[in-house]
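Here the structure is laid out as structure tokens; the discussion comes afterwards.
Chain identifiers are assigned alphabetically (A, B, ...) following the order of the sequence lines, protein sequences preceding nucleic acid strands; residue numbering begins at 1 within each chain. Computed over heavy atoms, backbone and side chain alike; hydrogens, waters and symmetry mates excluded.
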Amino acid sequence: MPDVKKSSVRVRFAPSPTGYLHIGNVRTALFNWLFARKSEADFILRIEDTDSLRSREDYVESIVEDLSRFGLDWDEGPDVGGSSGPYRQSQRIGLYAKHLEALLKKGSAYECFCLPEELDAMRKEQAEQGKTIRYSGKCLHLSDEEKRKLRSEGRQPSYRFRVENRQVVVRDLIRGDVTFDTSTIGDFIIMKSDGWPSFHFAVAVDDGEMKITHVIRGEDHLTNTPKHIMILESLGFDPPRYAHLPMIMGQDHQPLSKRHGHVSIRDYLDEGYLPEALMNYLALLGWSSGDNQEIFSSRELIKRFELASVNKSAAVFDNKKLDWISMQHMKEIPDVKLTQMVIPYLKAEEGLCSRKHINEEMFDYLKKMINVLRPYLSKLKDINEYADIFLCQQVRLSEEAGEILRTGNAKKISEIILENLGDQAFDEKEFHSILNKVKRETGLKGKDLFMPIRAVLTGRLSGPELVEVFPLLDKNVIRKRLESALKI
RNA sequence: GACCCCAUCGUCUAGGGGACUAGGACACAAGGUUUUCAUCCUUGCAACACGGGUUCGAAUCCCGUUGGGGUCGCCA
């Protein structure tokens with residue numbers, strides 16, 4: 001049977017496990033995934049753990065976990081295996097050694113005995129003289145005798161790729177052809193003296209060995225690409241097509257960093273941003289549909305996504321727009337499901353819904369609460385901004401609400417409501433009749449009428465409509481809050 | 001510094017020579033939801049970085065300037 005697989009297109013996402021997955025990396029993963037799912041290609045997860053000092057196993061786990069929570073899946077990877085594994089570079093050492101041997105034999109690589117300090121000094125000198133900073137080629141012509149001597153001094157060599165003078169053109173699907181003159185690129189290290197391959201070497205070898213056809217990655221790699229192409233070609237591989245994605249910046253137009261607040265996708269997920277919303281927003285950072293649609297399900301994104309319509313210029317990450325998009329997605333979730341999603345957030349918050357088991361009656365109440373609060377949620381955690389109104393005897397009092405409570409109006413209004421409070425459950429009708437009574441007796445209306453009531457009942461000056469809040473509250477709770485307002 | 005990429009409202013973007021007195025969205029402002037606020041609706045504010053070309057015609061093509069970003073590591 002011939003392989004019935006529809007295409008041999010293969011893409012990969014290759015993070016290094018030196019920290020939590022960053023927003024920028026996730027966007028790269030997303031675009032790879034969208035492209036793969038759209039073109040029925042293989043999506044491969046490869047772990048680039050050649051930095052023996054900074055790589056950590058628990059970060060590998062967190063990457064797998066975060067990508068999954070975000071909503072991506074992959075066809076080959078360290079956790080699921082595949083035909084071109086292993087998928088951790090640390091387990092592919094033999095492969096790099098083999099290819100290094102081939103390059104050595106061809107004369108495309110050579111040993112370098114320079115010490116880091118010596119290289120630093122060399123670069124510093126070049127900078128001072130205003131010269132282009134690149135490796136001098138000092139070790140290129142070392143004789144066997146000299147090498148032996150250096151070794152006997154205890155020096156472990158690294159290996160450099162010998163860069164020939166030529167033009168390399170990067171065929172970029174987003175930027176078009178980009179031509180580089182390799183004369184500005186110095187011979188670079190492909191194998192470190194500790195025996196680990198350098199990033200450039202590992203990337204080239206793996207992309208070649210894994211038959212990657214499209215490399216979709218951040219623009220920060222664009223000028224590294226000629227190095228990868230040179231290695232790929234001298235190893236006899238056909239270089240893949242490339243697509244360099246624009247960078248994501250913070251509000252200050254500087255590269256995204258901790259200074260900008262949350263940068264790991266985990267933080268957003270933990271706050272209860274919906275994965276689909278996050279995906280939707282991130283897709284819009286660099287890509288647009290061409291018509292004016294902005295809200296997309298992941299299904300629609302796969303259908304509509306095109307590498308060719310990815311933007312070239314860097315984009316600024318805007319939390320406000322994320323919130324808005326997330327709010328739009330929130331509206332689409334059925335209330336039972338949303339209630340289930342929200343419960344863990346209530347439980348995590350001190351004093352809210354601490355009961356272990358939620359019975360049917362309670363669930364039903366929470367569902368009603370969710371429906372009232374839903375228009376104000378952009379992330380699940382936001383539920384805690386208002387949930388105390390419905391779930392606690394006492395409400396948290398905001399400073400502004402406190403000020404309103406101290407006015408005479410608040411007391412007067414509370415008294416009148418208390419006097420007129422019936423015993424049966426609240427409904428919209430009773431709300432309006434009491435409201436009208438207060439209005440008549442005090443002559444207050446509009447803001448002056450509503451704000452004190454809002455402050456007394458909810459402890460803050462904004463939130464869901466009072467007419468929706470009242471019917472959900474227990475009469476005794478309402479009474480208690482009115483009474484305590486009188487004591488302030 | 002050298003090399004590379006980029007440049008439309010504050011932000012994300014549409015725009016591929018005439019359809020552009022430049023469209024949408026977020027944000028912001030005003031009004032409305034026959035009584036409240038952060039939802040919702042309506043309206044408004046707001047941009048082609050600059051200078052040269054090419055062309056009958058340029059946001060769109062070319063060159064330069066400026067600005068921003070990236071790379072130049074035994075980090076990835």
Side-chain angles (χ1 to χ4, degrees), chain A residues 14-18 48-51 53-55 112 114-116 119-120 123 126-135 156-160 170 172 174-175 178-181 183-186 188-194 196-200 202-203 218-227 244 246-247 249 251 253-255 281 284-295 311-325 327 331 373-378 382 385 432 435-436 439 444-454 458 460-467:
Chain A
S16 67
T18 52
E48 309 220 323
D49 54 352
T50 54
D51 184 336
L53 288 178
R54 294 192 303 146
S55 293
C112 172
C114 295
L115 263 15
L119 295 169
D120 280 347
R123 277 188 286 265
Q126 287 171 340
E128 276 166 6
Q129 296 176 1
K131 286 190 191 156
T132 298
I133 297 168
R134 57 196 274 269
Y135 181 64
Q156 270 300 110
S158 59
Y159 292 83
R160 286 182 185 269
V170 176
D172 193 287
I174 294 172
R175 283 152 222 281
V178 184
T179 306
F180 292 86
D181 190 327
S183 65
T184 59
I185 303 173
F188 56 94
I189 287 179
I190 53 178
M191 190 69 85
K192 305 182 230 176
S193 56
D194 62 5
W196 291 79
S198 74
F199 162 75
H200 301 299
V203 163
E219 198 204 317
D220 48 341
H221 288 299
L222 181 55
T223 49
N224 288 151
T225 307
K227 292 179 186 167
H244 287 96
M247 306 262 92
M249 310 297 224
Q251 297 287 347
H253 293 249
Q254 289 301 113
Y281 178 65
L284 256 25
L285 241 34
W287 172 84
S288 70
S289 64
D291 55 26
N292 287 326
Q293 186 176 346
E294 302 231 63
I295 303 301
N311 240 58
K312 294 191 193 63
S313 48
V316 172
F317 189 92
D318 181 7
N319 242 305
K320 289 221 174 95
K321 185 138 186 183
L322 202 214
D323 281 346
W324 179 79
I325 285 180
M327 210 176 255
K331 285 178 187 147
L373 257 22
R374 181 204 289 274
Y376 305 94
L377 304 181
S378 55
D382 290 343
E385 297 289 318
H432 282 115
L435 203 62
N436 283 327
K439 195 173 162 186
L444 295 170
K445 59 179 183 176
K447 222 170 175 157
D448 294 333
L449 171 65
F450 272 79
M451 279 304 155
I453 301 178
R454 184 178 282 284
T458 74
R460 60 214 83 179
L461 301 185
S462 64
E465 300 212 28
L466 290 177
V467 65

Pairwise N/O distances under 3.5 Å, protein to nucleotides 58-62 of chain B:
none

Under 3.5 Å between N/O atoms: give me all the protein pairs with nucleotides 71-73 of chain B, atom names plus distance.
{"residue": "B/U71", "atom": "O4'", "partner": "A/Thr223", "partner atom": "OG1", "Å": "2.8"}
{"residue": "B/U71", "atom": "O2'", "partner": "A/Thr223", "partner atom": "OG1", "Å": "3.4"}
{"residue": "B/C72", "atom": "O2'", "partner": "A/Ile133", "partner atom": "O", "Å": "2.8"}

Taking only N/O atoms, report every protein-nucleotides 39-50 of chain B pair under 3.5 Å with atom names and distance.
{"residue": "B/C40", "atom": "OP1", "partner": "A/Lys331", "partner atom": "NZ", "Å": "3.1"}

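When atom types are taken as modelled, the side chain of A/Gln293 and the backbone of A/Ile295 share a donor-acceptor pair closer than 3.5 angstrom. At distances below 3.5 Å, at least one donor-acceptor pair connects side-chain atoms of A/Tyr281 with backbone N or O atoms of A/Asp318. Side chain of A/Ser198 to backbone of A/Ile189: a donor-acceptor contact under 3.5 angstrom is found. Checked by atom type and distance alone, the side chain of A/Asp172 pairs as donor or acceptor with a backbone atom of A/His244 at under 3.5 Å. A/Gln251 places a side-chain N or O within 3.5 Å of a backbone atom of A/Phe317 that can act as its donor or acceptor partner. Proximity of a side-chain donor or acceptor of A/Gln156 to a complementary backbone N or O of A/Asp194 within less than 3.5 Å is not detected.
What separates CZ of A/Arg454 from P of B/A38 is a distance of 10 Å, to the nearest Å. Per the geometry, CG belonging to A/Asp51 stands 7 Å off C1' belonging to B/A76, to the nearest Å. Regarding A/Leu449, its CG atom lies at a distance of 11 Å from the P atom of B/U35, rounded to whole Å. Atom-to-atom, CG of A/Leu466 to P of B/U36 comes out at 10 Å; the value is rounded to the nearest Å. Rounded to an integer number of Å, the gap from CE of A/Met451 to C1' of B/A38 is 11 Å. As rounded to whole Å, 12 Å separates atom C1' of B/C74 from atom CE of A/Met191. One atom, CG of A/Leu322, and another, P of B/A27, lie 12 Å apart when rounded to the nearest Å. Distance CD1 (A/Ile174) to P (B/G70): 18 Å, rounded to an integer number of Å.
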For a quick check, with a 4.0 angstrom heavy-atom cut-off, what is the B/S/- contact string for nucleotides 12-18 of chain B, read 5' to 3'?
BSS----
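Nucleotide B/A2: paired with B/U71 (Watson-Crick or G-U wobble, both distances less than 3.5 Å). As the counterpart of B/A59, no nucleotide is assigned, since no Watson-Crick or G-U wobble pattern has both distances under 3.5 Å. B/U35: no Watson-Crick or G-U partner with both key distances under 3.5 Å is found in any strand. In this structure B/A29 sits in a base pair with B/U43, meeting the Watson-Crick or G-U test at under 3.5 Å. Figure legend. B/C50 is base-paired to B/G64; pairs are counted as Watson-Crick or G-U wobble with both atom distances under 3.5 Å.
Nucleic acid contact class of A/Ser289 (heavy atoms, under 4.0 Å, all strands): none. Contact annotation for A/Glu48: backbone-only contact, meaning every heavy-atom pair under 4.0 Å involves sugar-phosphate atoms and none involves a base. The residue A/Gly463 sits close to a base: some heavy atom pair falls under 4.0 Å. At the heavy-atom level, A/Leu222 lies under 4.0 Å from the strands shown only through sugar-phosphate atoms. Within the 4.0 angstrom heavy-atom criterion, base atoms lie near A/Cys114. Within the nucleic acid shown, A/Ile453 has no heavy atom closer than 4.0 Å to any nucleic acid atom.
For the C1' atoms, the distance linking B/G64 with B/A7 amounts to 15 Å, nearest Å. For the P atom pair drawn from B/U42 and B/A59, the interatomic distance equals 31 Å after rounding to whole Å. Rounded to whole Å, the separation between the C1' atoms of B/C5 and B/G44 comes to 38 Å. Only the P atoms considered, B/C26 is 8 Å distant from B/C41, to the nearest whole Å. B/A46 and B/G23 are spaced 12 Å apart, taking the P atom of each and rounding to whole Å. B/U54 and B/G70 have their P atoms separated by 37 Å, given to the nearest Å. Separating the P atom of B/C63 from that of B/C4 is a span of 13 Å, rounded to the nearest Å. To the nearest whole angstrom, the two C1' atoms, one in B/C9 and one in B/A22, are 10 Å apart.
For the OP1/OP2 pair of B/C75 and a distance below 4.0 Å, the side-chain nitrogens and oxygens of A/Lys192 include at least one atom meeting the criterion. A sub-4.0 Å separation between OP1 or OP2 of B/G1 and a side-chain N or O of A/Gln126 is absent.
A heavy-atom distance below 4.5 Å is not found between the side chains of A/Leu377 and A/Glu385.
Of all heavy-atom pairs spanning A/Leu373 and A/Pro464, the tightest one is CD1-CG, 3.5 Å. The two atoms that bring A/His253 and A/Val316 nearest to each other are CE1-CG2, 3.7 Å, heavy atoms only. Residues A/Thr18 and A/Ser55 come closest through the heavy atom pair CG2-N, 4.0 Å. Closest approach of A/Ile185 to A/Lys227, counting heavy atoms only: CG2-CE, 3.8 Å. Residues A/Glu48 and A/Val203 share a closest heavy-atom pair of OE1-CG2, 3.6 Å. A pairwise comparison of heavy atoms in A/Tyr135 and A/Cys114 identifies OH-SG, 3.4 Å as the closest pair.
Checked against ring pair (Phe, Tyr, Trp, His ring centres under 6.0 Å), A/Phe188 has the following partners two or more places apart in sequence or in another chain: A/Phe161, A/His200. Among residues two or more places apart in sequence or in another chain, the side chain to side chain donor-acceptor pair (under 3.5 Å) test is passed with A/Arg123 by A/Asp120.
At a cut-off of 3.5 angstrom, the base of B/C37 holds no donor-acceptor pair with the side chain of A/Ser462.
More than 12 non-hydrogen atoms from other residues, nucleotides or ligands lie less than 6.0 angstrom from NZ of A/Lys331.
One finds the CZ atom of A/Phe450 at 4.5 Å from the CG atom of A/Leu435 (value rounded to the nearest 0.5 Å).
Position along RNA chain B of the nearest nucleotide to A/Pro255 versus A/Ala14 favours A/Pro255 as the more 5'-ward residue.
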